[in-house]
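Owing to the predicted nature of the structure, the values given are computational and were not obtained by experimental measurement.
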Amino acid sequence: VQLQASGGGLVQPGGSLRLSCAAAGFPLVNYAIGWFRQAPGKEREGVSYISSTGGTTYYTDSVKGRFTISRDNLKNTAYLQMNNLKPEDTAVYYCARARSGALFSGYRLSGAQYASWGQGTQVTVSS
């Protein structure tokens with residue numbers, strides 16, 4: 001079971017990035033996916049969630065209206081489109097596979113609900 005996050009980089013405030021999370025060794029279609037981030041000196045934070053079918057998405061308040069999570073189960077890949085990036089979005093971003101295909105709203109951004117984690121990709125927002 002592997003998750004490979006990619007697409008991070010250095011971008012100016014107001015810019016955009018698209019992160020990808022490629023799954024290997026298991027069918028992504030069976031599992032919900034979450035994106036998390038961890039900034040230096042801060043705790044890991046849940047950013048976004050998508051159910052196994054893609055029918056339900058969920059975002060932390062600070063990224064609503066700016067980030068969009070999606071998935072392509074045929075490509076075994078999930079995505080996080082990040083627009084209007086802000087310096088406070090700077091962090092290492094991780095994708096993770098949930099323990100099931102769907103999570104109740106109170107658990108969607110809880111790391112304890114996720115069984116497998118990718119290695120992370122650095123996002124730096126700076127002028």
Side-chain angles (χ1 to χ4, degrees):
V1 173
Q2 279 191 325
L3 292 168
Q4 180 80 30
S6 62
L10 174 64
V11 64
Q12 292 187 341
S16 298
L17 285 173
R18 188 194 196 200
L19 305 184
S20 297
C21 176
F26 69 96
L28 195 68
V29 68
N30 292 339
Y31 300 95
I33 294 294
W35 283 97
F36 295 78
R37 65 187 180 186
Q38 187 165 21
K42 295 188 176 181
E43 292 189 354
R44 185 180 62 198
E45 174 190 24
V47 175
S48 185
Y49 156 96
I50 187 167
S51 63
S52 60
T53 63
T56 301
T57 58
Y58 195 80
Y59 301 91
T60 191
D61 286 346
S62 63
V63 308
K64 285 179 181 177
R66 301 189 298 121
F67 290 12
T68 302
I69 192 171
S70 62
R71 63 192 295 156
D72 184 338
N73 286 334
L74 293 179
K75 294 183 178 180
N76 234 30
T77 303
Y79 306 95
L80 186 67
Q81 176 67 42
M82 305 186 297
N83 298 329
N84 190 22
L85 282 160
K86 303 176 180 181
E88 52 264 41
D89 295 318
T90 295
V92 178
Y93 283 71
Y94 301 88
C95 61
R97 187 195 83 177
R99 300 180 189 279
S100 65
L103 298 174
F104 291 112
S105 61
Y107 298 98
R108 289 169 183 165
L109 300 183
S110 169
Q113 302 302 317
Y114 292 80
S116 300
W117 295 77
Q119 87 290 359
T121 185
Q122 176 71 48
V123 172
T124 302
V125 185
S126 175
S127 55

Any side-chain heavy atom of [X] sitting closer than 4.5 Å to one from [Y]?
X: Leu10; Y: Ser126; result: yes
X: Pro13; Y: Pro87; result: yes
X: Val123; Y: Leu19; result: yes

Next on the checklist: Filter on ring-ring contact (aromatic ring centres under 6.0 Å, His included), then keep only pairs touching residues 54-83, sequence neighbours left out; what's left?
Outcome noted: none
Checklist entry - With distance as the sole test, does Arg99 use its side chain to make a donor-acceptor pair with the main-chain N or O of Ala32 at under 3.5 Å? => result no
With rounding to the nearest 0.5 Å, note down the distance linking [atom1] in [X] to [atom2] in [Y].
X: Met82; Y: Ser16; atom1: CE; atom2: OG; answer: 8.5 Å
X: Leu3; Y: Ile33; atom1: CG; atom2: CD1; answer: 5.5 Å
X: Arg18; Y: Asn83; atom1: CZ; atom2: CG; answer: 11.0 Å
X: Leu28; Y: Asn76; atom1: CG; atom2: CG; answer: 5.0 Å

Linked, directly or transitively: [X] and [Y] (ILVMFWY side chains, under 4.5 Å):
X: Leu80; Y: Leu85; result: yes
X: Val29; Y: Ile69; result: no
X: Leu17; Y: Tyr94; result: no

Item to check | Sequence neighbours excluded - side chain to side chain donor-acceptor pair (under 3.5 Å) pairs with any residue from residues 100-125 | outcome: Gln122-Thr124
Next on the checklist: Taking side chain to side chain donor-acceptor pair (under 3.5 Å) as the cut-off, I'd like each qualifying pair that reaches into residues 24-52, sequence neighbours left out, listed once.
Outcome noted: Arg37-Glu45, Arg37-Ser62, Arg37-Asp89, Arg37-Tyr93
Would you name the heavy atoms of [X] and [Y] that are closest together and state the gap between them?
X: Ser20; Y: Thr77; result: CB-CG2, 4.3 Å
X: Phe36; Y: Ala96; result: CE1-CB, 4.2 Å
X: Ala39; Y: Ala91; result: N-CB, 3.8 Å

Checklist outcome for this item: So the disulfide (SG to SG under 2.5 Å) pairs with at least one residue in residues 25-71 (sequence neighbours excluded) are none
Next on the checklist: Considering only residues two or more places apart or on different chains, which pairs with a residue in residues 53-127 satisfy disulfide (SG to SG under 2.5 Å)?
Outcome noted: Cys21-Cys95
Checklist entry - Mind checking what makes side chain to side chain donor-acceptor pair (under 3.5 Å) contact with Asn73, not counting sequence neighbours? => result Arg71
